[in-house]
Enquirer: 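Please find one structure pasted underneath; my questions will follow.
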Protein chains: 2
Amino acid sequence: MRRPPVISLTTSPNRRISPVKRPDMVNGMQCRSRSARTGRPRSAAADAAILAATRTALVELGWSKLTLGYVATLAGVAKTTLYRRWAGKNELVVDAVAELFDELELPDRGSLAADIEGVVLQFAAILDRPEAKTALMAVVAESTRDEPLRERIRTSIVDRQKRLVLEGRARAQARGELPPESDPADADRTAALIFDVVAGAVVHRTLVSAEPADEEWVRSFTRILLVGLTGAAADAAQ
Amino acid sequence: MRRPPVISLTTSPNRRISPVKRPDMVNGMQCRSRSARTGRPRSAAADAAILAATRTALVELGWSKLTLGYVATLAGVAKTTLYRRWAGKNELVVDAVAELFDELELPDRGSLAADIEGVVLQFAAILDRPEAKTALMAVVAESTRDEPLRERIRTSIVDRQKRLVLEGRARAQARGELPPESDPADADRTAALIFDVVAGAVVHRTLVSAEPADEEWVRSFTRILLVGLTGAAADAAQ
DNA sequence: CAGTTACGCTACGACTCGTAGCGAAAGCTC
DNA sequence: GAGCTTTCGCTACGAGTCGTAGCGTAACTG
């Protein structure tokens, strides 16, 4: 069962939001003189191995049966090391799943419709992975009673998706497909609405209806959304 | 801690889908001669007390910290009784939450827009309850690795919501707000799509974005959806 | 070199899980 | 009523997980 231990020649950890639990950090600021970090540094390879092991364990066991002890064994790391870096299962899984969303991009496909279809298909492909399926909803469920966890999800997963909406709209406005916004507050509200509609629809299709968000579905969805957006914008402009 | 024990003068259990685990039942059909159920009947009051206690425990503890032992104590019932009726935490919570959706209805408000707004607001009100928030996403997450559980969710929660979509469309077609469907297969696909968009958007808004689906939001959402539907339908009709 | 921090390992009490076994209670049929 | 059947409450149990403490060692800094 025990996998080959991680090669331990390492340096420099803390890629994303530092995995919590650094006694010398307060509010994200280092207390001691900048980078006066003495002592043995944390193994960055261990970080990577733990997050990868977490995803493997999610596929094998699912969320509820996943134990930190098993993840540690899988990563070739002591259980105590895991607890030194993450506060618990929730935080660990959020970081492990967040990496899946690193690949989300918004290539310019020339039209708003094509841009939407492209990003929705990317999002659907990520959600199609078993580790994302079982983990995403679970941590969201936990976050309803855990404000810091919700914040962690927001910054490391949700906001990155939301940025794509803003970028796509800016492009469409530059192309003349959408009218420029007059009221900035109203623009924010609309962007948030569109984000909830897009992300919510894909998630619901994939996880609740348990059917694939394939090209045909994405085309239908995009058409309705696009007609709704341009039509509603035209209404408002009158 | 121990609540007053359930009044035990009872009869006739099995309101919804019989809570599982009846050794004399196979595939939902009784094996012995019809209704030859001899012996002491299960307490229906205990069923109700258990489901209510489950919701209370969800509010107090959330999904992950909820234990069947605590639910049993809260309901004034032995833990073994609980295990005799439900296979586990997942099934119990699905039944407990499903009752929340009993109140979903679709009163005729005279127009498609008003009908959509009404049902979305109802759905949002249910999702606003803490027990629904923490439980719904959790069981959906579990269902990604548990086909029977997914089926249970589908029949006792999802399908009931979906029926409202079909009913709303039929009304709108009767009013002439939407064109009648020609291809029945295409009609099914469109209904499923709309359902995913509506339910997904509300869930995402409430749980992921963690902001209320209030009247203003619902109005904006309905406008986009309605324009998208009627516009796209008009496009297709050409 | 001394000082500091991270790591692997072992062990621990506390808790939950799901089940088994028992006697008593609550229905039904004859 | 007697007799049968099933449920109920209760206790007890082994198995497994949790999160932490303590220790000796490894890695890096000045």
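Here is how names work: the chains are called A, B, and so on, in the same order as the sequence lines, proteins then strands, and each is numbered from 1. Keep in mind the model is a prediction, meaning the values are calculated, not measured.
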Enquirer: Looking at A/R205 and A/P212, would you say the former's side chain and the latter's main chain have a donor-acceptor pair under 3.5 Å?
Expert: yes

Enquirer: Let me know which of B/E99, B/E131, B/E60 forms a salt bridge (charged side-chain N to carboxylate O under 4.0 Å, His left out) with B/R55.
Expert: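 In the set B/E99, B/E131, B/E60, the residue that makes a salt bridge (charged side-chain N to carboxylate O under 4.0 Å, His left out) with B/R55 is B/E99.
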
Enquirer: Taking only the side-chain heavy atoms of A/T38 (C-beta and beyond), determine which of D/dT29, D/dT20, C/dT19 contains the nearest atom.
Expert: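 Closest of the options to the side chain of A/T38: D/dT29.
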
Enquirer: Considering only side-chain heavy atoms of A/R42, which listed nucleotide, C/dA6, D/dG9, D/dC18, is closest?
Expert: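 That would be C/dA6.
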
Enquirer: May I have the distance from A/W63 (atom CH2) to D/dT17 (atom P), rounded to whole angstrom?
Expert: 16 Å

Enquirer: Measure from NZ on B/K65 to P on C/dC17 and round the result to the nearest Å.
Expert: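 Taking atom P of C/dC17 as the reference, NZ of B/K65 is at 14 Å.
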
Enquirer: Give a yes or no on whether a donor-acceptor pair under 3.5 Å exists between the nucleobase atoms of C/dG18, that is its base, and the side chain of B/K79.
Expert: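 Side chain to base: pair found, below 3.5 Å.
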
Enquirer: Return the CD1 to CG distance between B/I116 and B/L164, rounded to the nearest 0.5 Å.
Expert: 12.0 Å

Enquirer: So which one's nearest nucleotide on DNA chain C is more toward 5', A/T81 or B/G88?
Expert: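 Looking at DNA chain C, the more 5' nearest nucleotide goes with A/T81.
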
Enquirer: Expressed as a whole number of angstroms, how long is the span from A/L82:CG to C/dC9:P?
Expert: 14 Å

Enquirer: Step through the shown structure and confirm whether more than 12 heavy atoms of other residues, nucleotides or ligands are within 6.0 Å of CD on B/E215.
Expert: no

Enquirer: Parallel, tilted or perpendicular for B/H204 and A/F195, by the 30°/60° rule?
Expert: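 Aromatic pair B/H204/A/F195 classed perpendicular.
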
Enquirer: Quickly work out the A/Y83 OH to C/dC9 P distance and round it to whole Å.
Expert: 17 Å

Enquirer: Can you tell me the distance, in whole Å, between the CG atom of A/L92 and the P atom of D/dC18?
Expert: 12 Å

Enquirer: Just how far, in rounded Å, is C1' of D/dC18 from CG of A/L66?
Expert: 13 Å

Enquirer: Could you state the atom-to-atom distance from CG of A/N90 to P of D/dC18 in whole Å?
Expert: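 Rounded to the whole Å, the gap is 12 Å.
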
Enquirer: Please round to the nearest 0.5 Å and tell me the distance separating atom CG of A/L136 and atom CE of B/M137.
Expert: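 If we round to the nearest 0.5 Å, A/L136:CG and B/M137:CE are 11.0 Å apart.
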
Enquirer: Name the closest nucleotide to the B/A78 side chain, picking from C/dC17, C/dG8, D/dG9.
Expert: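 Within the option list, the nearest is D/dG9.
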
Enquirer: Are there any protein N/O atoms within less than 3.5 Å of an N/O atom in nucleotides 21-25 of chain C, and if so, which ones and at what distance?
Expert:
{"residue": "C/dA25", "atom": "N3", "partner": "B/R40", "partner atom": "NH1", "Å": "3.1"}

Enquirer: Using the closest heavy atom to pick a nucleotide of DNA chain D for each, name whichever of A/L68 or A/G39 lands nearer the 5' end.
Expert: A/L68

Enquirer: Rounded off to whole Å, could you give me the CG-to-C1' distance for the B/L61 and C/dT16 pair?
Expert: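 After rounding, the reported distance stands at 13 Å.
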
Enquirer: Donor-acceptor pair, B/K162 side chain versus B/R154 backbone, under 3.5 Å?
Expert: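 Looks like no, no N/O pair under 3.5 Å.
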
